[in-house]
**Q** 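Sharing a structure below in structure tokens format, with a few things to ask.
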Amino acid sequence: MTRILPSLVTLLALSSAISLARAHEDQATFSSKEDLPEFKPTKIKAPFLEQFTNTWAERWTASEATKETTSEDEVFAYVGNWKVEEPSVYPGIKNDLGLVAKSPAAHHAISASLPTVVDNKDKTLVVQYEVKAQDGLECGGAYMKLLTDSPEGIKFKEFSNDTPYTIMFGPDKCGSTNKVHFIFRHRNPKTGLYEEKHLQSAPMAKIGPLSNLYTLIVRPDQTFDVKINGESVSSGSLLENFHPSVNPPKLIDDLTDSKPSDWVEDARISDSKATKPDDWDEDAPARILDEEAIKPANWLEDELAEIPDPEAEKPEDWDDDEDGDWIPTSVPNPKCENNGCGKWTRPFKSNPAYKGKWTAPLIDNPDYKGIWAPRKIPNPDFFEDLYPSNFDKIGAVGFEIWTMQKDILFDNIYIGHSEEDASAFAAETWEVKYASEKKQEEVDNPRPNDLDGTPVFKEDPVGFVTFHLREFIDLAREDPLNALHSRPLVAAAIAGVGGVALALILILVGLVVAAPKPSATARAKAKKTDEPTPDDKDTGSSKAAKKEDENKDGDVRKRAARTGDDE
């Protein structure tokens, strides 16, 4: 024990110091906008690459169209407001702007022309963009449409759900629906008509206040890959994993064919030659009394299985004249826990002579012809397109969505032919942003503890030691002697490393670090309200409100202290 104690003391002290420094660093992290990494426009080139810089309005046009629903003949206008602004929740990169759908419970539509038309014939197509649901997403879409190029040109102010698109890709969530759409429109080479091909078993979307990266890759070998945050969540073939299938079947049922009247589909029939055996007793019961059963020696025939609850009491407001005679509730008789009670009766057992109703056995049907199906004939509409990845040319990109939640942010759109460039673009944008956002989220939501609130030593040794040190400091503020008696190991660790002087320094550091600071989210939300901020002048009314809040806080602390004493 004497050998272990110095090492333990040293570990505790070092871990405490490191943890205090880490806690102080975490709370100081992102304390202002200046702490964020700086936005830098990418130098990567692509047929279409959008980072929503200050010239975004030259490229994007909000729709002024209406949207009709045929079922109820209602007309909806695309009145959802769009803005390009920095995130209000967990801003990941300084001065990084994104396209934001601002209006809740509204239809939004906006689109931008591609500098050059994208022709994907015999090429790889990569579609990639970020989605950040700052206010959550309970019901709404956040998918992108790649609009089909047209000789007449795309009418951007009339962009609606009726505007032809080549590919629709991205998350959609509402009620039980939670999926990442991948839909492409395929032209029938015989009829010229288009049909939507939907990805079967679409993966679930990942939506939240952190930026999530959605990537679609379609290769000229007809394979595809859907990724979320760089991880593949669905892959397969355009020729095999879509419904309806790209190519129709070569053979189809002959609708003029009908089943012959003498067709036999019963594979088995009763044997008409079989007869019931002479010793077959159909009247024998399935169960009979067990004549060999003997009453157990500990059976209590004079005891009831249930007795009145001896602890039950007649309610004070019970009126025998109105409510009748009061009868206590029944409870299991404790004497019967290990014994049978009441009148013993002989149990039943299965009857070995029981055979039940006799039926003739089944035999193979000599006239069986199988399950009938209409004959197959060549499909007059058959065609074979082995290269559906040669999509219709893409002339524009747009978002046409309906959402109940506001502040859905889109950013860093890449549309091109290089998987390497798309990956490099994600590395310098989304990866940097996501790491920054994740740190802010971790500060606002500390790592989980065990059931009683204490960090688990095996998963977080520094957090485990820090927890006990902070607890010791909190106790020492109010009652130093109680802290020494209730936390002797922590006191020994502090004293063992540097004595009283170091103990005082650690306690002072702990007091400073323990001072609460507003989270990044709280600061961002506060700036979006009309409430006074630290930059506003401190009026008499605000001072009074502040004083009243302090009094309330004092009352809460006093009540909490009294509650602790009561316990």
Side-chain angles (χ1 to χ4, degrees), residues 44 46-51 99 111-112 114 117-132 141-149 164-173 177-186 196-207 211-243 246 387-401 408 410-427 429-431 434:
I44 294 173
F48 184 84
L49 196 150
E50 180 63 82
Q51 291 189 282
L99 177 67
S111 55
L114 270 59
V117 174
V118 171
D119 184 353
N120 199 55
K121 186 176 181 180
D122 300 328
K123 296 179 182 177
T124 293
L125 178 66
V126 182
V127 181
Q128 182 173 277
Y129 71 109
E130 297 172 10
V131 178
K132 182 180 177 76
Y143 41 79
M144 175 194 293
K145 289 184 176 180
L146 306 186
L147 307 183
T148 307
D149 187 48
Y165 68 89
T166 298
I167 289 176
M168 181 174 130
F169 171 66
D172 187 16
K173 181 182 179 183
T177 298
N178 183 359
K179 64 173 66 176
V180 179
H181 288 292
F182 173 22
I183 307 170
F184 66 92
R185 294 174 72 244
H186 182 263
E196 290 182 348
K197 308 298 180 180
H198 293 247
L199 173 61
Q200 297 174 330
S201 303
M204 289 183 63
K206 187 173 183 179
I207 302 170
S211 297
N212 289 294
L213 184 71
Y214 289 87
T215 306
L216 168 65
I217 303 171
V218 181
R219 304 180 182 91
D221 63 358
Q222 311 314 306
T223 62
F224 71 90
D225 199 0
V226 175
K227 297 181 178 182
I228 300 179
N229 297 344
E231 299 291 332
S232 179
V233 292
S234 180
S235 60
S237 169
L238 299 182
L239 296 169
E240 299 174 1
N241 299 98
F242 286 78
H243 180 78
V246 170
Y387 305 99
S389 67
N390 293 336
F391 302 116
D392 279 0
K393 295 179 180 179
I394 301 166
V397 58
F399 297 97
E400 186 268 316
I401 59 177
I408 301 175
F410 305 97
D411 198 6
N412 293 321
I413 304 172
Y414 174 96
I415 301 174
H417 305 292
S418 173
E419 295 184 47
E420 293 75 17
D421 285 351
S423 179
F425 184 47
T429 56
W430 175 80
E431 289 184 15
Y434 186 80

**Q** Write down the atom of Arg219, the atom of Thr124, and the distance for their closest heavy-atom approach.
**A** CA-OG1, 4.0 Å
**Q** To the nearest 0.5 Å, what is the distance between NZ on Lys197 and NE2 on His186?
**A** 6.5 Å
**Q** Taking side-chain hydrogen bond (donor to acceptor under 3.5 Å, both in side chains) as the criterion, tell me which of Glu196, Lys145, Arg185 meets it with Tyr165.
**A** Glu196
**Q** Are any non-hydrogen side-chain atoms of Trp430 and Asn229 less than 4.5 angstrom apart?
**A** yes
**Q** About how many Å separate OG1 of Thr166 and CZ of Phe391, when rounded to the nearest 0.5 Å?
**A** 8.5 Å
**Q** If we only count heavy atoms from C-beta on, is the Lys206 to Tyr214 side-chain gap below 4.5 Å?
**A** yes
**Q** Can a donor-acceptor pair be found, under 3.5 Å and without considering hydrogens, that links the side chain of Gln222 to the backbone of Pro220?
**A** yes
**Q** Is there side-chain contact between Val131 and Ile207, with at least one heavy-atom pair below 4.5 Å?
**A** no
**Q** Which distance, rounded to the nearest 0.5 Å, do you find between the CG of Asp119 and the CG of Asp392?
**A** 9.5 Å
**Q** Do Ile228 and Val180 come close enough that some side-chain heavy atom pair is under 4.5 Å?
**A** yes
**Q** Any idea which heavy atoms bring Ser418 and Asp421 closest together, and the distance?
**A** OG-N, 2.9 Å
**Q** Can you tell me how far CG of Leu125 sits from CD1 of Ile394, rounded to the nearest 0.5 angstrom?
**A** 5.0 Å
**Q** Is there a side-chain contact between Thr429 and Gln51 in this structure, where contact means two heavy atoms from C-beta onward sitting under 4.5 Å apart?
**A** yes
**Q** Look only at the side chain of Asn390 and the backbone of Asp122, and say whether a donor-acceptor pair between them is shorter than 3.5 Å.
**A** yes
**Q** So, for Leu238 and Pro388, which heavy atoms are closest and what is the spacing to 0.1 Å?
**A** CB-CG, 3.9 Å
**Q** Could you grab the distance from atom CD1 of Ile183 to atom CE of Met168, nearest 0.5 Å is fine?
**A** 4.0 Å
**Q** Please tell me if the side chains of Val118 and Leu146 come closer than 4.5 Å, counting only heavy atoms from C-beta onward.
**A** no
**Q** To the nearest 0.5 Å, how far apart are OH in Tyr414 and CG in Leu213?
**A** 13.0 Å
**Q** Minimum heavy-atom separation for Leu199 and Ser234, please, with both atom names.
**A** CD2-OG, 3.8 Å
**Q** Residues two or more places apart in sequence or in another chain: which of them pass ring-ring contact (aromatic ring centres under 6.0 Å, His included) with Phe242?
**A** Phe182, Phe184, Phe224
**Q** Is there a side-chain contact between Leu99 and Glu50, using heavy atoms and a 4.5 Å cut-off?
**A** no
**Q** What pair of heavy atoms forms the shortest contact from Asp172 to Gly141, and how long is it?
**A** OD1-CA, 3.6 Å
**Q** What pairs with Phe410 under ring-ring contact (aromatic ring centres under 6.0 Å, His included), at least two apart in sequence or on another chain?
**A** Phe399
**Q** Taking all heavy atoms of Pro47 and all of His417, pick out the closest pair and write down the distance.
**A** CG-CD2, 4.2 Å
**Q** So do Lys227 and Ile217 actually touch side chain to side chain, heavy atoms under 4.5 Å?
**A** yes
